[in-house]
Protein chains: 2
Amino acid sequence: MAGVAPITVSRAINRPELVTKDTLEHVREVIARSGYVPNLLAGGLASKRSRLVAAIVPTIGNSIFAEAVECLTDRLGEAGYKVLLGLSGYPASREDELLATVLSRRPDAVFLTGITHSPESRQRLLAAKIPVVETWDLTPTPIDMLVGFSHEKVGRAVANYLIDKGYRHLGLVWASDERAAIRRRGFEDAAAERGVTDIKVAILPAPGNLKLGREGLAKLLDEAGDLDAVFCSSDALAQGVLTEAQARGLAVPGDLAIMGFGDLEFAPYTYPSLSTVRIDRRAIGLLSAEAMLARFGDRPFEKIVDIGFEIVERAST
Amino acid sequence: MAGVAPITVSRAINRPELVTKDTLEHVREVIARSGYVPNLLAGGLASKRSRLVAAIVPTIGNSIFAEAVECLTDRLGEAGYKVLLGLSGYPASREDELLATVLSRRPDAVFLTGITHSPESRQRLLAAKIPVVETWDLTPTPIDMLVGFSHEKVGRAVANYLIDKGYRHLGLVWASDERAAIRRRGFEDAAAERGVTDIKVAILPAPGNLKLGREGLAKLLDEAGDLDAVFCSSDALAQGVLTEAQARGLAVPGDLAIMGFGDLEFAPYTYPSLSTVRIDRRAIGLLSAEAMLARFGDRPFEKIVDIGFEIVERAST
DNA sequence: TTGAAAGCGGTACCAC
DNA sequence: GTGGTACCGCTTTCAA
């Protein structure tokens with residue numbers, strides 16, 4: 001329609017600096033007039049760059065992962081990439097199958113949640129020869145790149161924090177999630193080193209929610225009445241624990257201290273508020289995007305980024 | 001590698017019923033052994049079916065949209081489709097641009113939030129000739145299909161509900177969001193019909209959160225002390241209003257009744273809990289998926305699905 | 001700066 | 001039931 005070769009249109013769109021100003025204007029005018037929409041499937045096939053990034057997360061509903069995915073999507077979108085969403089569920093049993101189907105879309109990079117993946121998945125990821133960013137956890141041997149923090153350190157830090165404050169009768173209201181299990185181990189190890197053992201635990205199905213939190217505390221209190229501090233594997237559970245404590249007339253933190261995890265948006269402004277472990281979820285998405293973009297542009301990027309965490313003290317501990 | 005024509009491999013994967021059992025087994029064995037991963041970009045280009053569905057939502061972080069997208073993704077995933085995420089932000093100013101870039105991926109269907117789209121977007125959508133599902137709202141003239149509910153009716157229902165309960169000094173803590181504006185109009189119209197005017201309004205930026213909710217109630221109370229019921233444009237804001245009310249020593253619902261909107265997961269179990277308008281977010285995602293799948297299979301599906309809503313009464317009204 | 005030809009990796013169509 | 005051939009719509013490569 002524009003009276004030029006297809007390749008000139010391609011260049012006008014993708015590398016306008018290679019085209020004369022006049023040709024460029026003309027092609028653009030025809031594009032606008034004709035309503036031409038380039039077919040990126042075809043483009044991806046020919047160029048072997050799909051400009052698609054797969055994000056595999058357990059869930060995005062009411063969850064700490066949503067915000068990371070949101071940041072990832074935003075940042076990648078600026079650079080012309082779109083995010084393919086893969087929800088692996090809890091437990092991440094669907095990850096293998098999901099990864100296989102997602103890789104057949106030929107994404108240019110993959111964002112993964114967690115660091116434990118089946119040998120088949122690792123193999124497939126390696127074979128794809130694309131940037132892979134594992135997140136939400138730390139390991140010295142990532143598949144490729146990693147943006148996360150140490151769950152063991154979180155557990156240890158919270159145990160020491162609570163013990164420093166004088167609490168000795170500790171309880172956990174805990175979702176049966178892989179990374180939470182590592183936090184628990186860190187917590188129990190550090191507590192044991194300080195001479196605090198006999199930690200009560202209520203295990204609940206993941207993902208946690210307010211109702212499960214209430215049930216968790218109820219179970220804990222029915223079994224052991226002398227609890228003075230509870231650490232929860234998520235803020236959602238902590239909200240439930242707080243609710244149950246209030247319903248039972250317990251003063252927080254007077255009778256019972258409560259610590260959450262994740263620092264979900266609703267937490268910081270609640271009154272009386274929950275103490276929690278702040279994780280910079282936006283940083284996980286953003287840094288993952290930057291890591292991928294760096295690799296796309298052959299620029300160097302740190303292999304492992306530890307974004308750390310922070311204990312946020314509020315009225316409840 | 002299998003000693004058969006490419007098309008036979010294609011059939012073994014996509015239409016195994018057309019291939020002899022022996023050939024099928026052999027091809028499958030070779031596929032497993034070689035680690036062959038089909039290229040769906042190429043397949044999509046050739047077949048003109050990308051098996052991609054675009055979902056355009058304002059945001060997925062801490063939001064009512066995340067759950068709908070989750071259900072959509074799950075249901076479509078079962079059928080071999082993947083979801084391309086498009087985040088249009090608040091206000092949906094990026095929708096046009098987003099839609100253009102997303103359509104160049106040749107999705108087989110599009111999930112949209114809301115019913116107001118620019119003429120260019122409507123045009124592009126129509127030109128794509130694919131199923132389009134608009135959601136979260138109602139109109140007699142959708143682009144194609146629609147799964148939603150009437151925001152005007154929600155507003156009217158809440159006004160009548162509060163007035164029936166004897167509240168006369170009404171306030172709104174409201175995010176500046178398009179659909180919320182329609183609920184507000186319905187609320188004010190119905191209230192006016194019952195003789196209740198002079199409704200105080202605090203307008204806040206979207207999306208609402210707990211902190212903004214606190215600020216909203218503070219503003220309302222500072223301007224008009226005689227408030228006896230507040231309707232919030234989201235549960236997140238309502239949580240903030242509740243928090244601020246408690247901080248000021250107001251009894252809820254004795255001194256101040258509070259009504260939220262959306263029925264976010266944290267709300268149902270909070271104690272004392274918020275009354276709210278329950279929207280079946282999962283149904284929006286699921287029914288949208290079903291609508292698309294029906295159209296893919298040339299099966300009929302209702303053009304417009306009104307999922308309705310429900311006022312959930314709890315301690316706070 | 002622009003274009004011709006080839007091909008990316010599959011699937012549609014029709015013959016065998 | 002299986003295969004040959006053409007072609008999906010774009011980008012690569014190399015030549016002009």
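Chain A is the first sequence line, chain B the second, and so forth, proteins listed ahead of strands; every chain is numbered from 1. Below, all heavy atoms of this structure are taken into account, side chains as well, without hydrogens, waters or symmetry copies.
- At a threshold of 4.0 angstrom between heavy atoms, the contacts of Ala42(A) include nucleobase atoms, whether or not backbone atoms are also involved.
- Note: CG (Asn14(B)) to P (dG10(C)) measures 10 Å, nearest angstrom.
- A donor-acceptor contact under 3.5 Å is not formed by the side chain of Arg106(B) with the base of dG9(D).
- Ion pairing between a basic and an acidic side chain is recognised when a charged N comes within 4.0 Å of a carboxylate O; Glu78(A) and Arg75(A) show such pairing.
- Checking dT11(C), dT12(D), dG10(C) against the side-chain heavy atoms of Ser47(A) singles out dT12(D) as nearest.
- Side chain of Glu95(A) to backbone of His117(A): no donor-acceptor contact under 3.5 angstrom is found.
- Positionally, the nearest nucleotide of DNA chain D for Ile7(B) lies more toward the 5' end than for the other of Leu40(A) and Ile7(B).
- In this structure, Arg51(A) atom CZ and dC10(D) atom P are separated by 15 Å, rounded to whole Å.
- For Leu45(B), taking side-chain heavy atoms from C-beta onward, the closest of the listed nucleotides dT2(C), dT11(D), dG9(C) is dG9(C).
- If you check dG3(C), dT11(D), dG3(D) against the side chain of Thr8(B), the one that comes closest is dG3(D).
- Side-chain nitrogen and oxygen atoms of Asn39(A) include none within less than 4.0 Å of the OP1 or OP2 phosphate oxygen of dC8(D).
- Nearest-nucleotide assignment on DNA chain D puts the 5′-proximal partner with Thr20(B), out of Ala46(B) and Thr20(B).
- Counting non-hydrogen atoms under 4.0 angstrom, Val9(A) reaches nothing in the nucleic acid.
- The side chain of Pro6(A) approaches dT11(D) more closely than any other nucleotide in the set dT11(D), dG10(C), dC8(C).
- Between the side chain of Ser118(B) and the main chain of Ser121(B), a donor-acceptor pair closer than 3.5 Å is present.
- Between the CZ atom of Arg11(B) and the P atom of dG4(D) there is a distance of 11 Å, given to the nearest Å.
- Side-chain contact annotation: Thr59(A) with Glu70(B), donor-acceptor N/O pair under 3.5 Å present.
- For Lys48(A), no side-chain nitrogen or oxygen approaches OP1 or OP2 of dT12(D) to under 4.0 Å.
- In this structure, Leu41(A) atom CG and dG10(C) atom P are separated by 13 Å, rounded to whole Å.
- The side chain of Thr23(A) places an N or O atom within less than 4.0 Å of a non-bridging phosphate oxygen (OP1 or OP2) of dT2(C).
- Using a cutoff of 4.0 Å between basic side-chain nitrogens and carboxylate oxygens, Arg282(A) and Asp74(A) are not scored as salt-bridged.
- Between the side chain of Arg15(B) and the base of dG1(D), no donor-acceptor pair under 3.5 Å is found.
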